[in-house]
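Letters A, B, ... are given to chains in the order of the sequence lines, protein chains preceding strands, and every chain is numbered from 1.
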Number of protein chains: 2
Amino acid sequence: MNGAESLLTTLINNGIEVCFTNPGTSEMHFVAALDEVQGMRCVLCLFEGVLSGAADGYARMARKPASTLLHLGPGLGNALANIHNAKKGHVPIVNIVGDHATYHVQYDAPLTADIEGIAGPVSHWVHTSTAPAEIARDAAEAIRQAGSGRVATLMLPADVSWGDNPNGAEPAIERETPLPVPASRIEAAVARLTSGKKCMVMIGGREITREQGLLLSRIGKACGARVSTEVFPTRQARGAGTAVLERLPYLAELAIDHIKELDHLILIGAASPVSFFAYPNVPSLIAPPQCEAFQLARPHDDIDQTLAALLKQLGGSGIEPEVHPLALPELATGALDAFKVGQAVAHYLPEHAVIVDEANTSGLALAPATTTARAHDVLNLTGGSIGWGLPAAVGAAIACPERKVVCLEGDGSAMYTIQALWTMARENLDVTVIIFNNRKYSILELEFGRTGARGGKPGPKAASTLRIDGPDLDFVALARGMGVQAERATTAEEFNALFADAMEGKGPRLIDALVPTLFG
Amino acid sequence: MNGAESLLTTLINNGIEVCFTNPGTSEMHFVAALDEVQGMRCVLCLFEGVLSGAADGYARMARKPASTLLHLGPGLGNALANIHNAKKGHVPIVNIVGDHATYHVQYDAPLTADIEGIAGPVSHWVHTSTAPAEIARDAAEAIRQAGSGRVATLMLPADVSWGDNPNGAEPAIERETPLPVPASRIEAAVARLTSGKKCMVMIGGREITREQGLLLSRIGKACGARVSTEVFPTRQARGAGTAVLERLPYLAELAIDHIKELDHLILIGAASPVSFFAYPNVPSLIAPPQCEAFQLARPHDDIDQTLAALLKQLGGSGIEPEVHPLALPELATGALDAFKVGQAVAHYLPEHAVIVDEANTSGLALAPATTTARAHDVLNLTGGSIGWGLPAAVGAAIACPERKVVCLEGDGSAMYTIQALWTMARENLDVTVIIFNNRKYSILELEFGRTGARGGKPGPKAASTLRIDGPDLDFVALARGMGVQAERATTAEEFNALFADAMEGKGPRLIDALVPTLFG
């Protein structure tokens with residue numbers, strides 16, 4: 001078999017069975033190998049930012065990496081923002097980046113670039129394969145490095161792809177197991193939690209399962225500590241039957257106030273919280289000066305074991321968790337706004353749905369509504385780079401074809417990777433997209449005020465860069481132009497009917513929800 | 001004034017009066033400064049790949065850099081592919097990349113990334129400003145580094161932006177002048193050109209003006225050498241009144257055959273040609289083994305002086321150039337194809353139009369038709385990273401509001417940066433976009449065969465990654481969804497009428513031209 005076939009076989013042998021791709025000439029032997037090797041689903045995206053976000057959404061829901069196939073340095077560059085998001089969310093991805101043939105790089109052809117240099121800042125591991133005989137072993141190493149939450153980027157020169165690999169493919173490697181947290185650290189945490197001081201246990205990292213949330217609730221009740229998630233959990237089980245947990249606010253001012261009385265912050269998977277951005281006269285660190293942050297478990301540690309051991313040490317085995325009931329809101333009427341959208345989403349959301357949340361400001365109206373909806377999973381934007389939601393919905397739907405995916409998407413952020421709609425149509429994915437169309441970068445209007453620039457009041461030029469009307473974006477036309485059924489809602493009644501219909505049916509849908517901004 | 005205001009003033013003092021932007025929180029003080037400092041036009045783009053391509057198109061037509069304003073590492077990542085194209089085309093760009101406040105970077109907030117690391121591979125110069133008092137001087141240095149054909153990337157931390165700059169702005173720096181080529185090199189070139197061996201003079205680099213082309217034609221006639229442009233000139237004067245020059249073919253096989261008999265290749269601005277990609281059993285170098293490549297002038301040398309000196313040394317001052325006459329093709333009828341589009345474009349193209357050519361395979365039908373059209377400029381894709389055409393048309397139209405811009409765009413490549421249409425509408429730019437809609441990555445079907453993968457015949461999975469039908473892209477709907485007037489043409493008559501109307505009128509237009517692929 002040639003190098004590409006040995007690479008593809010190695011990926012498949014390791015359970016990597018989806019490749020999100022936008023290939024070019026240097027990847028043609030990899031593309032050809034898709035018909036020679038059985039078992040790889042190849043998902044074409046029209047832009048690389050779509051495919052990297054899809055790989056992220058897929059990996060979060062499948063709990064294993066997808067592969068990406070990218071075309072040289074510029075293709076990797078296009079994918080970079082969503083690889084960044086995956087890296088920050090501890091999501092595993094195996095990137096395969098085609099390169100010129102090894103002997104061709106020296107000639108500085110138009111598409112030649114320092115691919116390793118571009119890959120480095122968004123990868124935990126970077127390697128360029130140098131010979132067909134090495135590529136399968138390199139791929140196995142990439143898979144090992146990606147593990148359950150890292151980004152591995154492997155460059156595949158064209159001649160490594162087309163040359164014969166006498167060693168053939170590599171078998172399945174041993175899967176990474178999470179590291180147990182030593183008893184001494186559990187005891188150190190227990191000492192803090194039973195000290196009588198004000199404590200919070202904050203969970204985050206790769207995922208917060210329903211079971212983990214329930215354990216955390218019981219821990220809180222066992223020792224009187226507050227229990228919370230980080231601001232933007234990578235994946236979190238929510239809705240009826242999940243534990244009642246706080247969530248750290250996004251706005252630094254609010255978050256600082258929220259935990260200002262803490263003496264100890266026990267971190268499980270989560271990192272010690274910091275402000276998303278710096279603002280004049282606002283501290284970078286969210287926790288107050290007197291608060292000691294104690295990293296009990298890192299994202300790749302065994303979170304289940306940590307929680308179980310903690311609960312046991314606290315003597316809480318008989319304690320019941322505090323659990324959200326099932327309580328569906330009534331449907332609203334009248335002019336549409338983000339809160340009314342939230343009511344309808346919570347009302348109709350089917351069991352086991354996946355919510356991909358990139359609604360940004362409008363999202364503040366949504367999370368409270370779905371707290372007691374039917375049990376579902378939520379994926380959040382982990383790296384702050386907008387243009388993630390639509391692609392992540394593509395990946396989530398491919399990972400979980402039996403689950404309804406609901407993508408809550410801001411109008412501004414939708415436009416970074418709008419091409420994702422085409423892949424939803426092509427693959428007939430069961431995704432319902434709600435565009436919160438307020439005709440502006442509402443988050444930036446808010447942020448402009450927070451930075452205090454020009455006294456918080458944008459002048460005419462600044463204001464024009466925060467508005468995306470003139471012309472208004474017609475998301476119905478955009479979706480239909482890419483083969484996705486779409487309608488517009490300006491009233492709650494219209495939205496309710498459209499969303500109910502979308503939840504009943506299957507396949508890609510978009511609702512262009514005209515809503516006022518929550519701010520300003 | 002604060003750092004942002006001193007930066008902005010320094011840019012304006014140096015004639016940089018357009019900023020293509022997609023800002024975020026860390027750039028809000030820069031955005032605020034747009035209303036405090038007069039003289040900067042700020043052009044909002046919905047995706048960073050649009051703004052970097054627009055900066056490229058602007059700089060080519062304005063013959064000076066635009067600035068870009070980007071949001072942290074991911075924003076720079078989104079812009080990377082078109083910065084790569086600019087770098088390969090010797091186009092000056094000054095990138096301003098907002099970063100977290102200097103004291104905030106240590107906390108690894110979600111958007112923290114190694115921005116310098118991302119910038120390095122696509123920049124000639126990279127610097128992070130560290131204090132408000134330094135930012136104006138750093139900006140002046142960035143402008144100096146960008147010169148007339150390089151990429152300078154300056155990171156602007158938020159606190160450097162909002163802090164007071166006691167030094168204020170910097171004045172205009174001295175503009176870079178091209179380096180003269182020494183007489184000894186001119187003489188060495190003349191010795192080769194008069195040796196009786198088979199010679200070609202190839203021109204390229206930053207621009208090929210009408211005057212340069214005419215000088216080159218006279219040089220060819222003076223010494224009997226063939227005269228040619230490189231494959232993809234960054235900017236070239238074409239049409240009636242320009243010189244008859246060969247153009248090196250794109251396909252390596254054809255290019256190798258085209259110059260297989262050469263003994264000397266004299267390079268003026270152009271680099272020695274190499275194959276765009278490597279293919280099994282095809283050489284990387286286009287020139288034959290016996291051919292000596294002689295780099296007479298580099299892209300930043302004084303091309304005017306070089307050509308004049310060469311002509312003088314060859315005693316050709318009395319020789320007339322070979323010039324294209326004005327000869328407009330008849331209009332075609334019947335089912336539309338790329339050749340018929342080319343006839344209509346050549347027929348109706350107004351004097352001084354700017355053609356932005358990213359038609360890829362369809363483009364092969366177009367260049368011959370416009371050879372004798374009214375005088376115009378053509379911008380080509382210099383770095384091979386598709387998704388450049390629509391953005392470059394935005395920039396060209398902003399640089400030259402009095403000139404008609406015609407963007408020849410493949411359907412596949414259009415989708416990488418389709419958001420450019422919105423900026424065309426918002427700024428009411430006089431751009432006519434022609435989408436060559438053949439429902440596939442036609443170039444990749446061609447390239448699949450050339451790589452010899454799977455005997456040149458894609459299997460069903462491979463074939464599906466080369467086709468972008470299912471669903472078909474409706475570019476009329478996409479354009480209208482972003483506020484651009486659009487129509488579809490399936491016959492030559494329809495196309496002729498639409499294109500004639502577009503050339504008569506002003507403002508953004510799109511024609512979705514359904515054409516069969518030229519290959520396969």
Toward chain B, the part of [X] with a non-hydrogen atom under 4.5 Å:
| X | result |
| --- | --- |
| A/H84 | side chain |
| A/S275 | both |
| A/T382 | backbone |
| A/C19 | neither |
| A/L446 | neither |
| A/D472 | backbone |

In terms of heavy-atom pairs under 4.5 Å with chain B, which of [options] leads?
| options | result |
| --- | --- |
| A/A278, A/P157, A/G387 | A/A278 |
| A/Y441, A/W422, A/F47, A/Y103 | A/W422 |
| A/G120, A/S385, A/G481 | A/G481 |
| A/G383, A/A101, A/A425 | A/G383 |
| A/E48, A/E27, A/K87 | A/E48 |

### Query
Hey, what's the ring geometry for B/F277 with A/H71, parallel, tilted or perpendicular (30° and 60° as the breaks)?
tilted
Which residue out of [options] racks up the most heavy-atom pairs below 4.5 Å with chain A?
| options | answer |
| --- | --- |
| B/P458, B/P280, B/A32, B/A463 | B/P280 |
| B/G452, B/G483, B/G412, B/S464 | B/S464 |
| B/P471, B/G89, B/G77 | B/P471 |
| B/F448, B/F232, B/Y279, B/W162 | B/W162 |
| B/A453, B/G73, B/S161 | B/A453 |
| B/G49, B/C42, B/P460, B/P273 | B/P460 |

To the nearest 0.5 angstrom, please state how far the [atom1] atom of [X] sits from the [atom2] atom of [Y].
| X | Y | atom1 | atom2 | result |
| --- | --- | --- | --- | --- |
| A/H100 | B/S284 | NE2 | OG | 9.5 Å |
| B/I418 | A/I418 | CD1 | CD1 | 11.0 Å |
| A/L478 | B/L478 | CG | CG | 6.0 Å |
| B/H29 | A/T451 | NE2 | OG1 | 4.5 Å |
| A/Y416 | B/Q419 | OH | CD | 9.5 Å |
| B/N22 | A/I386 | CG | CD1 | 7.0 Å |

### Task
For the pair B/M415 and A/M482, evaluate side-chain contact (heavy atoms from CB on, under 4.5 Å) and give the outcome as yes or no after the intermediate values.
CA-CA 10 Å; B/M415 287 306 295; A/M482 288 183 267; 3.9 Å; yes
### Query
Taking non-hydrogen atoms and a cut-off under 4.5 angstrom, which of residues 109-116 of chain B neighbour chain A?
B/A109, B/P110, B/L111, B/T112, B/A113, B/D114
### Query
Just by distance, do the side chain of A/E447 and the backbone of B/G24 share a donor-acceptor pair under 3.5 Å?
no
### Query
Just by modelled atom types, is the A/A462 backbone N or O under 3.5 Å from a matching donor or acceptor in the B/D35 side chain?
yes
#### Entry: A/T25 vs B/L444, side-chain contact (heavy atoms from CB on, under 4.5 Å): CA-CA, chis, key distance, verdict
CA-CA 6 Å; A/T25 300; B/L444 285 186; 4.0 Å; yes
What part of [X] is in contact with chain A, defined as an atom under 4.5 angstrom from a non-hydrogen atom: side chain, backbone, both or neither?
| X | answer |
| --- | --- |
| B/L72 | side chain |
| B/L285 | side chain |
| B/F30 | neither |

#### Entry: side-chain contact (heavy atoms from CB on, under 4.5 Å) assessment of B/L44 paired with A/I468
CA-CA 9 Å; B/L44 180 65; A/I468 55 175; 4.2 Å; yes
### Task
Let me see the working for A/R454 and B/V31 under side-chain contact (heavy atoms from CB on, under 4.5 Å), right down to the final yes or no.
CA-CA 10 Å; A/R454 212 170 175 272; B/V31 169; over 6 Å; no
### Task
Measure across B/D469 and A/R426 and return the closest heavy-atom pair with its distance rounded to 0.1 Å.
O-NH1, 3.4 Å
### Task
State, yes or no, whether a side-chain contact exists between B/L46 and A/L473 at a heavy-atom distance under 4.5 Å.
yes
